[in-house]
Amino acid sequence: MLLRKTVLVVSVAVAALIASAGTATAAPAVPTAAPTAAANPVIVVGGLSGVAVAYEPIAARLRADGYRAFVYQLPGLGLGDIPTSARAFATYVDQVRAGTGASTVDVVAHSEGGLVSRYYLKRLGGTATVGRYVSLGTPQYGTYVANIVAFLGLGSCAGIVACQQMTIGSAFLADLNAGDDTPGAVRYTTIRTLQDELVRPTGNAVVNDGATNVLIQSYCPLRVVGHLGLVLDGTAYSIVRGALVDGPVRPNCLAL
């Protein structure tokens with residue numbers, strides 16, 4: 001279990017960086033089955049400081065592929081306690097299920113959103129209501145606060161609870177990663193990139209115990225994708241799309 005670093009910023013830049021790239025176009029279809037009308041609704045879970053509008057590009061791709069897609073912005077932009085955010089997320093999942101009539105949903109989560117979602121699955125009974133879990137650049141085993149500080153020039157976690165909880169070796173991560181990483185019948189997929197500026201080492205973005213862990217550059221060695229770019233990149237989306245139909249890992253390396 002590698003995994004290190006902190007996402008104090010996984011989204012401070014998400015809003016700016018992703019908003020500026022809001023012109024992302026849909027990726028060419030990968031050779032997997034298309035979703036049926038009965039496909040699970042998909043909830044896109046934002047990261048730290050990630051405003052909902054920043055995730056509309058990936059939600060739009062999902063809708064173009066026939067999914068009922070929803071964007072969940074973390075309460076308080078994810079600056080607070082992750083378990084508290086997970087309890088709020090549990091309420092939102094119930095609202096989506098009630099509104100759509102679906103018994104289960106699928107989750108596509110970026111950065112801290114992947115930890116919020118995993119806590120919901122592992123500690124709040126979420127495995128009964130989620131069919132597929134896909135994380136994008138989530139510091140499953142933590143990230144180095146020092147690197148994030150250097151990247152954003154913020155100095156330290158400065159009392160930001162979520163940042164502290166995403167530090168390697170935190171009590172929160174020790175609890176979350178104790179025992180089975182992939183409980184229940186949920187299909188788990190993690191997606192990571194070698195150019196992730198905020199999750200270092202990048203191996204900390206994987207989970208164990210039967211998950212499908214995909215490193216983009218293992219299939220597309222020339223593809224350059226940063227942490228924030230994971231929610232905009234066409235190749236990353238082609239992996240998400242395959243995971244949502246239980247297809248093989250077959251990234252489209254030329255997707256826009």
Side-chain angles (χ1 to χ4, degrees), residues 1-15 43 45-51 55 72-93 107-127 130 133-183 188 190 192 196-209 211 227-228 230:
M1 293 188 179
L2 300 142
L3 309 126
R4 294 138 174 147
K5 293 188 177 163
T6 309
V7 177
L8 182 166
V9 188
V10 42
S11 281
V12 170
V14 163
I43 301 176
V45 186
L48 182 64
S49 301
V51 295
Y55 295 93
Y72 182 71
Q73 177 179 298
L74 297 182
L77 292 180
L79 299 177
D81 178 60
I82 292 176
T84 299
S85 293
R87 286 187 281 274
F89 178 61
T91 299
Y92 185 77
V93 170
V107 171
V108 176
H110 180 238
S111 200
E112 183 194 341
L115 294 175
V116 170
S117 305
R118 254 187 84 211
Y119 190 90
Y120 166 63
L121 292 172
K122 190 164 184 176
R123 299 296 183 219
L124 302 178
T127 56
V130 174
Y133 165 94
V134 183
S135 68
L136 296 162
T138 291
Q140 307 283 5
Y141 280 80
T143 184
Y144 291 119
V145 178
N147 283 13
I148 290 183
V149 166
F151 183 73
L152 295 182
L154 297 179
S156 74
C157 280
I160 297 177
V161 176
C163 171
Q164 297 167 351
Q165 291 174 328
M166 289 186 281
T167 302
I168 294 170
S170 72
F172 167 76
L173 289 176
D175 173 70
L176 181 64
N177 294 317
D180 189 0
D181 273 0
T182 57
Y188 293 82
T190 73
R192 69 191 192 281
D196 196 317
E197 315 90 338
L198 300 182
V199 180
R200 311 296 302 181
T202 56
N204 281 14
V206 309
V207 292
N208 302 298
D209 306 315
H227 181 78
L228 306 174
L230 283 166

Novice: What closest approach, in Å, do His227 and His110 show between heavy atoms, and which atom pair accounts for it?
Specialist: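 Minimum heavy-atom contact is O-NE2, 3.1 Å.
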
Novice: Is a salt bridge present between Asp180 and Lys122, judged by a nitrogen-to-oxygen distance below 4.0 Å?
Specialist: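 No, Asp180 and Lys122 are not salt-bridged.
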
Novice: Could you state the interatomic distance from CG (Leu121) to CG (Asp181), rounded to the nearest 0.5 Å?
Specialist: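 Between Leu121 CG and Asp181 CG, I get 12.0 Å after rounding to 0.5 Å.
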
Novice: For Thr182 and Ala211, work out which heavy atoms get closest and say how close.
Specialist: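 Where Thr182 meets Ala211 most closely, the heavy atoms are CG2-CB, 3.9 Å.
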
Novice: Taking the side chain as everything from C-beta on, heavy atoms only, tell me whether Val199 gets closer than 4.5 Å to Arg192.
Specialist: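 Answer no - side chains too far apart.
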
Novice: Answer yes or no: is there a donor N or O on one side and an acceptor on the other, between the side chain of Ser170 and the main chain of Leu173, under 3.5 Å?
Specialist: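 Looks like yes, one N/O pair under 3.5 Å.
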
Novice: Could you report the tightest heavy-atom contact between Gly114 and Tyr133, atom names first, then the distance?
Specialist: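 For Gly114 versus Tyr133, the nearest heavy atoms are O-OH, 2.8 Å.
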
Novice: Would you name the heavy atoms of Tyr120 and Ala90 that are closest together and state the gap between them?
Specialist: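 Nearest pair, atom of Tyr120 first, then Ala90: CE1-CB, 3.4 Å.
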
Novice: Would you kindly say whether Gln165 and Asp81 are connected by a side-chain donor-acceptor distance under 3.5 Å?
Specialist: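 Side chains of Gln165 and Asp81: pair found under 3.5 Å.
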
Novice: So, for Tyr72 and Phe89, which heavy atoms are closest and what is the spacing to 0.1 Å?
Specialist: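 Looking at all heavy atoms of both residues, the shortest contact is OH-N, 3.4 Å.
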
Novice: Between Ser117 and Val107, what is the shortest heavy-atom contact and its length?
Specialist: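 Minimum heavy-atom separation between Ser117 and Val107: OG-CG1, 3.5 Å.
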
Novice: Going through the checks in order, is the side-chain hydrogen bond (donor to acceptor under 3.5 Å, both in side chains) test met by Gln140 and Ser135?
Specialist: CA-CA 9 Å; Gln140 307 283 5; Ser135 68; 3.2 Å; yes

Novice: Checking Tyr188 side chain against Pro183 main chain: does a donor-acceptor pair fall under 3.5 Å?
Specialist: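 Looks like yes, one N/O pair under 3.5 Å.
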
Novice: Give a yes or no answer on whether the side chain of Arg123 reaches the backbone of Asp175 with a donor-acceptor pair at less than 3.5 Å.
Specialist: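 Side chain of Arg123 to backbone of Asp175: a pair is present.
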
Novice: OH of Tyr119 to CD1 of Ile82: how many Å apart, nearest 0.5 Å?
Specialist: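 One gets 10.0 Å once the value is rounded to the nearest 0.5 Å.
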
Novice: Enter the distance from Leu198:CG to Thr138:OG1 here, rounded to the nearest 0.5 Å.
Specialist: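 So the gap between those two atoms works out to 12.0 Å.
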
